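These numbers come from the heavy atoms of this one structure, side chains and all, not from hydrogens, waters or symmetry mates. Keep in mind it's a predicted model, so treat the numbers as computed, not measured. In what follows, residues are counted from 1 in the order of the sequence shown.
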Amino acid sequence: MITLRVTRHDRNELLLAECQSSVIPARGQVLQLDTVESDGSMTRPSTLWRIVAVTVHVPSLNSSAPDDGTHLRVRTVEV
């Protein structure tokens, strides 16, 4: 699992969503984002966003191992 962050890049950078994902979206794909309350009810209509760029933060081989003893791996993908 990786942390998937969906950000809008214009005059003001805005974080639209953040979640755990087992896949990395490809450029050109469309994501549907729902805004929901803690009880699961929708607060406004869904929005569709087309992927224009994907940034993957990959740890260097010279990076220190995480404190929990796991191996280095991709942890964050920014869309």
### Query
What pairs with Thr47 under side-chain hydrogen bond (donor to acceptor under 3.5 Å, both in side chains), at least two apart in sequence or on another chain?
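Thr47: side-chain hydrogen bond (donor to acceptor under 3.5 Å, both in side chains) contacts with Trp49.
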### Query
Of all residues at least two apart in sequence or in a different chain, which pass the side-chain hydrogen bond (donor to acceptor under 3.5 Å, both in side chains) check with Asp10?
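Here the qualifying residues are Arg8.
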### Task
Could you tell me which residues satisfy side chain to side chain contact (heavy atoms under 4.5 Å, CB included) with Val23, sequence neighbours excluded, listed by chain and number?
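With sequence neighbours excluded, Val23 shows a side chain to side chain contact (heavy atoms under 4.5 Å, CB included) to Ser21, given in chain and number order.
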### Query
Which residues satisfy the salt bridge (Lys or Arg N to Asp or Glu O under 4.0 Å) test with Asp68, sequence neighbours excluded?
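Here no residue qualifies.
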### Query
If you group Ile, Leu, Val, Met, Phe, Trp and Tyr whenever their side-chain heavy atoms sit less than 4.5 Å apart, what else falls in with Leu15?
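Under the 4.5 Å side-chain rule, Leu15 groups with nothing.
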#### Entry: Other ILVMFWY residues reachable from Leu48 by side-chain steps of under 4.5 Å
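Joined to Leu48, directly or through intermediates: Val30.
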### Inter-residue atom distance Arg44.CZ - Leu33.CG, 0.5 Å rounding
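Answer rounded to 0.5 Å: 10.0 Å.
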### Task
Verify the cluster assignment for Leu31 and Met1: are they in a single hydrophobic cluster under the rule of side-chain heavy atoms below 4.5 Å apart?
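Leu31 and Met1: separate clusters.
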### Query
Same cluster or not: are Val36 and Leu16 linked, directly or through other Ile, Leu, Val, Met, Phe, Trp or Tyr residues, by side-chain heavy atoms under 4.5 angstrom apart?
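Val36 does not cluster with Leu16.
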### Query
Tell me the salt bridge (Lys or Arg N to Asp or Glu O under 4.0 Å) pairs involving residues 13-41, sequence neighbours left out?
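As it turns out, the salt bridge (Lys or Arg N to Asp or Glu O under 4.0 Å) pairs with a partner in residues 13-41, which skip direct neighbours, are Arg5-Glu18.
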### Query
Minimum heavy-atom separation for Ser46 to Gln32, with atom names?
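Result for this residue pair: OG-NE2, 3.1 Å.
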### Task
Evaluate side chain to side chain contact (heavy atoms under 4.5 Å, CB included) for Met42 paired with Thr35, printing each intermediate quantity in order.
CA-CA 6 Å; Met42 298 277 290; Thr35 305; over 6 Å; no
